[in-house]
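Everything below concerns the one structure shown next.
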Amino acid sequence: MSLSIIIAIIAGILAGITFIPVSFAPHMDTITTVALNILIFFVGIDIGMNKHIFKDLKNHGYIILVVPLAIIAGSLLGGLMAGSFFGYNYNLGLSVGAGFGWYSLSGILLTKLHSAELGAVSFLTNVFRELIAVVSIPFLAKYLNDYSAIAPAGATSMDTTLPLISRYTKPEIVIVSFINGAILSALVPVLVPFLYAL
Amino acid sequence: MWSIIVVLLIGMFVGIKIPSTEKIKKNISKFQFLGVMILLFAMGAGLGLNKDLLKNLKSMGVEALVFALLTSFLSIAFVYISSRMLLKEKK
């Protein structure tokens, strides 16, 4: 399965570069949205079929809130370190890190706040982050633990990467993942401008 | 975001209603695999079709990759360490 993940995404990228006409791009967006909604529907069925899920969820306790906090800390520190490495001011590195994988929004925000260049860096950074998440989720769930699989996904853990997290972890982790994604998604439009203004 | 919550809730409702037999679970799993493949292919194609992205990749690809690797790696490390600590505390 993990190999098919990599093959599917690389095949898609190559098809997009080579033979899919550019005029088809808006339809690609529709296909993604429809596929995503069908998958989320099935993730819901998975959750509904597991009657013990909310009892199991209690066993996770504070971890539900600790996961997004740890991801925020890791993303901001990572952004700060990468930024200083390339000679960015600390506020710019932090605001790129605060995209949490939501490339479309963080790219637009930083284009408007600062420049097209920083917007492009943020956009690409978060595209890469989503790709890293897609590829690493099976390995993280297997070799570290289920919570770690949510970490690279960041804000996308409630939508695009949720079907993968659902496949490789337990149903109650899907709820943790969804809550994490909702918290981080709500924070992107707040934190990016806030950190930029520091 | 709201559409996802609505779709998830409808799915949960259906999941509670239908019997959870092994056969149904297996078929759902097969269908999900197919869906994930279509989603990933379409996501990849969307990136491949984005000509601005390909242009920026040449000039800013390395910077963005370092940003992505560091933020992902530190997020994974922090989540792993903190979840291990909390789980140990409970035992």
Side-chain angles (χ1 to χ4, degrees), chain A residues 4-5 8-9 11-13 15-17 20 22 25 28-29 31-32 35-49 62-63 66-67 70-71 73-75 77-79 81-82 86 96-97 120-121 124-125 127-129 132 140 144-145 147-148 151-152 158-159 163-164 167 185, chain B residues 1 3-4 7-18 20 25 28 31-33 35-54 56-57 60-61 63-84 86-87 90:
Chain A
S4 31
I5 288 175
I9 202 137
I13 293 171
I17 294 173
I20 300 176
V22 178
M28 228 61 231
D29 220 37
I31 294 173
T32 312
L36 183 62
N37 276 294
I38 293 172
L39 283 168
I40 300 287
F41 173 74
F42 279 97
V43 168
I45 292 184
D46 257 349
I47 296 171
M49 280 179 145
Y62 294 123
I63 296 182
V66 169
V67 169
I71 294 175
S75 304
L77 184 62
M81 284 166 66
F86 291 110
V96 172
V121 169
L124 267 182
T125 294
V127 166
F128 280 139
R129 181 156 179 182
I132 290 169
L140 296 172
L144 296 181
N145 61 27
Y147 305 107
S148 310
M158 72 175 294
D159 43 55
L164 282 170
R167 201 175 167 89
S185 298
Chain B
M1 175 158 159
S3 74
I4 290 176
V7 171
L8 189 74
L9 287 175
I10 295 171
M12 280 167 73
F13 183 76
V14 173
I16 292 168
K17 290 289 166 196
I18 60 175
S20 77
K25 279 187 182 168
I28 289 177
F31 197 83
Q32 277 179 326
F33 176 75
V36 168
M37 289 300 115
I38 294 172
L39 176 70
L40 293 178
F41 182 84
M43 273 168 59
L47 295 177
L49 282 167
N50 189 335
K51 303 298 168 203
D52 284 341
L53 188 147
L54 297 175
N56 289 329
L57 198 60
M60 299 157 188
E63 270 184 41
L65 189 62
V66 173
F67 265 106
L69 285 171
L70 274 174
T71 51
S72 300
F73 175 78
L74 289 174
S75 297
I76 294 164
F78 286 179
V79 170
Y80 181 65
I81 293 165
S82 57
S83 62
R84 281 289 295 264
L86 280 170
L87 289 174
K90 258 199 258 169

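Letters A, B, ... are given to chains in the order of the sequence lines, protein chains preceding strands, and every chain is numbered from 1. Quantities reported herein were computed from a predicted structural model and do not represent experimental measurements.
For the set L65(B), I38(B), I81(B), L47(B), the entry with the most heavy-atom pairs within less than 4.5 Å of chain A is L65(B). Most heavy-atom pairs under 4.5 Å with chain B: of the set I9(A), I47(A), L39(A), this distinction falls to L39(A). Between chain A and the options I76(B), L69(B), N56(B), L9(B), heavy-atom pairs under 4.5 Å are most frequent for I76(B). When the candidates G48(A), G78(A), P152(A) are compared by the number of heavy-atom contacts under 4.5 Å with chain B, G48(A) comes out ahead. With respect to chain B, the highest number of heavy-atom pairs below 4.5 Å among I71(A), I31(A), V121(A), L144(A) belongs to L144(A). With respect to chain A, the highest number of heavy-atom pairs below 4.5 Å among K51(B), M43(B), Q32(B), K17(B) belongs to Q32(B). Most heavy-atom pairs under 4.5 Å with chain B: of the set G79(A), P163(A), A15(A), this distinction falls to G79(A). The candidate with the highest count of non-hydrogen atom pairs below 4.5 Å against chain A, out of F78(B), F41(B), F67(B), is F67(B).
Interface remark: I132(A) contributes side-chain atoms only to the contact with chain B (heavy atom separation under 4.5 Å). For D29(A), no part lies near chain B; criterion is any non-hydrogen pair under 4.5 Å. Of the two parts of V43(A), the backbone and the side chain both hold a non-hydrogen atom closer than 4.5 Å to a non-hydrogen atom of chain B. With a threshold of 4.5 angstrom between heavy atoms, D52(B) does not approach chain A through any atom at all.
With rounding to the nearest 0.5 Å, the separation of CD1 in I10(B) from CD1 in I40(A) is 12.5 Å. Between F41(A) atom CZ and I28(B) atom CD1 the span is 8.5 Å, to the nearest 0.5 Å.
What you find for R129(A) and A151(A) is that their closest heavy atoms are NH2-O, 3.0 Å. Residue Y147(A) comes nearest to S83(B) through the heavy atom pair CD1-CB, 3.6 Å, listed as atom of the first residue, atom of the second, then distance.
With no hydrogens or angles considered, a side-chain donor-acceptor pair links S148(A) and N145(A) at under 3.5 Å.
Applying the side-chain contact (heavy atoms from CB on, under 4.5 Å) criterion to I38(A), with sequence neighbours excluded, gives V34(A), F42(A), F31(B). Remark: L49(B) engages I20(A), A25(A), M28(A) in a side-chain contact (heavy atoms from CB on, under 4.5 Å) (not counting sequence neighbours).
Using a 4.5 Å heavy-atom cutoff, the side chains of F128(A) and L57(B) are in contact.
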